[in-house]
Amino acid sequence: MSNARKPARTLWRSARLATFAEESGWGLIDNGALVADGDRIVWLGREADLPATTLPRLEIDLGGALVTPGLIDPHTHLVYGGDRAAEFELRLTGATYEQIARAGGGIRSTVRATRAASDEALFQLAAQRARVLMAEGVTTIEIKSGYGLDQVHEARCLAVARRLGAELPWSVRTTSLGAHALPDEFAGRPDDYIDEVCSWLATQQQSRLVDAVDVFCDTIGFTPDQTRRVFDRARALGLPVKLHAEQLSNQEGARLAAEYGALSCDHLEYLSDEGIAAMRAAGTVAVLLPGAYYFIRETRLPPIQALREAGVPIAIATDHNPGSSPALSLPLMLNMACTLFRLTPEEAWRGVTVNAARALGLADRGRLLAGMRADLAIWNAEHPREIAYRFGHAPCVGSVFGGASRPAPLASQ
Ligand code: DI6
Ligand code: FE
């Protein structure tokens with residue numbers, strides 16, 4: 001929170017720490033302790049080794065609870081009006097996600113509801129969703145625009161995302177996704193719309209509304225050429241890019257994004273070998289979205305084994321959005337990444353911690369190490385694999401953001 005006082009030097013003791021400090025392994029420390037000063041971790045290790053000079057102002061006995069890095073959700077569309085429950089019902093009588101989108105429903109119906117909602121209504125709706133995510137340990141989130149689809153409404157949604165970061169105890173990274181769908185006003189003129197999207201970026205940047213730029217590159221989204229135009233503009237402004245790539249078809253979007261040194265490519269069910277090689281060479285993170293895969297009943301799996309063999313870092317996100325993934329539980333995504341995508345529990349955990357940080361270009365979080373941010377999730381569990389194993393109930397009993405305990409239970413506020 002922007003105007004919070006500096007948290008007092010605090011010692012958390014009687015903890016089991018899962019640090020993810022090394023390139024592999026859980027980095028478990030039994031009978032552990034952690035000290036934070038301000039928003040940073042200053043010491044962690046076995047409690048028996050705690051330096052006598054630590055002198056905390058506050059001491060918290062965790063009674064053996066598990067402490068992990070605060071969870072990072074690196075891909076969400078949290079700000080929007082309305083819902084798509086009726087569309088869900090339609091899909092159950094045979095319509096596909098793609099057919100609904102082509103018939104003017106889908107993303108464009110959420111655009112209508114979002115434009116009609118006030119700033120305050122958009123903020124309150126998103127804040128409710130935020131509290132649900134935070135109650136299960138999320139301390140950093142990426143939020144995309146993409147339901148405004150004109151200059152004014154896109155800026156409004158980005159401003160709401162910024163306000164969520166300023167007023168709630170978590171970090172928000174914003175991504176401009178004007179190229180999410182073609183708004184009705186531009187029907188049949190996608191290239192003109194892309195000109196518009198490109199023209200907004202400089203103002204969004206000057207208003208400090210945007211940390212990265214994204215495009216939905218697919219048959220119901222935008223072409224690789226159109227994607228390139230948005231990325232050229234982003235590059236000229238020095239903004240990093242990411243891409244909704246190969247979700248419903250292979251457009252070789254990942255290869256294109258890698259050319260621009262993309263932070264991440266997301267979805268990736270139809271990713272090719274060439275795409276994997278390009279991502280590896282560029283250091284681009286693969287953000288997998290098991291919620292969307294599940295909810296639109298995709299049958300093609302992302303090429304997990306090939307990504308793993310290539311050493312492409314894998315992150316996991318909720319993709320929270322009203323159409324393809326109305327999920328608000330990152331621990332549930334851990335379970336789904338394991339059951340649906342066959343990730344190991346450790347890979348899934350790295351996906352919502354260290355690799356999720358990397359997908360957002362953040363080097364100061366995602367691991368428990370001295371010097372990193374003191375963003376913690378506290379669990380009634382003996383081992384992090386238990387949180388990937390359970391589903392429908394995540395035993396999160398507390399969380400810390402920037403060295404300060406967050407009020408619990410956040411979801412009921
Ligand atoms: N792919 C998705 O899964 C979401 N956006 C995208 O480009 C879906 C967004 C929606 O249906 O509202
Ligand atoms: Fe998405």
Side-chain angles (χ1 to χ4, degrees), residues 71-80 83-84 87-88 91 97-98 100-101 106-107 110 114 125-126 129-130 132-134 136 138 140-147 157 161 164 172-177 179-181 212-218 220-221 242-248 253-254 257 262-271 284-298 300-302 304 307 314-341 343 348 351-353 355-357 359-360 391:
L71 304 192
I72 300 171
D73 192 345
H75 179 143
T76 81
H77 310 245
L78 205 70
V79 177
Y80 59 87
D83 68 61
R84 304 246 287 279
E87 178 182 307
F88 176 62
R91 286 204 286 122
Y97 178 79
E98 214 165 327
I100 291 167
I107 295 176
T110 301
T114 303
L125 285 167
R129 298 172 193 132
V132 178
L133 287 164
M134 284 193 267
E136 292 186 341
V138 172
T140 296
I141 189 169
E142 184 252 20
I143 301 178
K144 301 175 194 296
S145 66
Y147 292 117
C157 292
L164 291 164
V172 171
R173 302 293 286 176
T174 58
T175 300
S176 180
L177 178 58
H180 191 198
V213 175
D214 192 350
V215 174
F216 181 27
C217 178
D218 219 309
I220 59 167
K242 7 179 86 239
L243 189 65
H244 278 72
E246 344 299 10
Q247 178 184 7
L248 305 167
L263 286 172
S264 72
C265 290
D266 305 36
H267 286 287
L268 301 175
E269 279 82 349
Y270 292 81
L271 179 62
T284 299
V285 177
V287 178
L288 304 183
L289 306 169
Y293 172 90
Y294 161 81
F295 197 68
I296 64 173
R297 304 185 75 227
E298 178 58 65
R300 169 123 167 188
L301 284 164
I304 308 289
L307 285 166
I314 296 175
I316 305 292
T318 60
D319 191 17
H320 176 84
N321 75 74
S324 69
S325 187
L328 280 175
S329 171
L330 200 47
L332 175 60
M333 297 305 120
L334 286 178
N335 177 269
M336 287 170 61
C338 296
T339 51
L340 299 174
F341 293 168
L343 260 60
V352 297
T353 54
N355 290 343
L360 298 180
F391 66 102

Exercise for review: Before giving the answer on side chain to side chain contact (heavy atoms under 4.5 Å, CB included), spell out for K242 and V213 the whole-Å C-alpha distance, their side-chain angles and the decisive distance to 0.1 Å.
Suggested key: CA-CA 6 Å; K242 7 179 86 239; V213 175; over 6 Å; no

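The main-chain N or O of T318 is found under 3.5 Å from a side-chain atom of S325 such that the two form a donor-acceptor pair. The main-chain N or O of A161 is never found under 3.5 Å from a side-chain atom of T174 such that the two would form a donor-acceptor pair. In this structure, the side chain of N355 engages the main chain of I314 through a donor-acceptor pair within 3.5 Å. Of the possible donor and acceptor atoms, one in the side chain of E246 sits under 3.5 Å from a partner among the backbone N and O of A254. Side-chain atoms of D218 do not come within 3.5 Å of backbone N or O of G221 as any donor-acceptor pair. In terms of modelled atom types and a separation under 3.5 Å, the side chain of E142 and the main chain of T175 share no donor-acceptor contact. No donor-acceptor pair under 3.5 Å is formed between the side chain of N335 and the backbone N or O of M333.
Between F88 and F295, the distance from one ring center to the other falls under 6.0 angstrom. The distance between the ring centers of H267 and F216 does not fall below 6.0 angstrom.
With hydrogens and angles left out, the side-chain atoms of R84 and T110 include a donor and acceptor closer than 3.5 Å. Of the N and O atoms on the side chains of E298 and Y97, not one donor lies less than 3.5 Å from an acceptor on the other residue. With 3.5 Å as the limit, one finds a donor-acceptor pair spanning the side chains of D266 and H75.
Taking the six-membered ring for Trp and thresholds of 30 and 60 degrees, Y147 and H77 have ring planes inclined between 30 and 60 degrees apart.
Between G106 and I100, the shortest heavy-atom contact is N-CG2, 3.6 Å.
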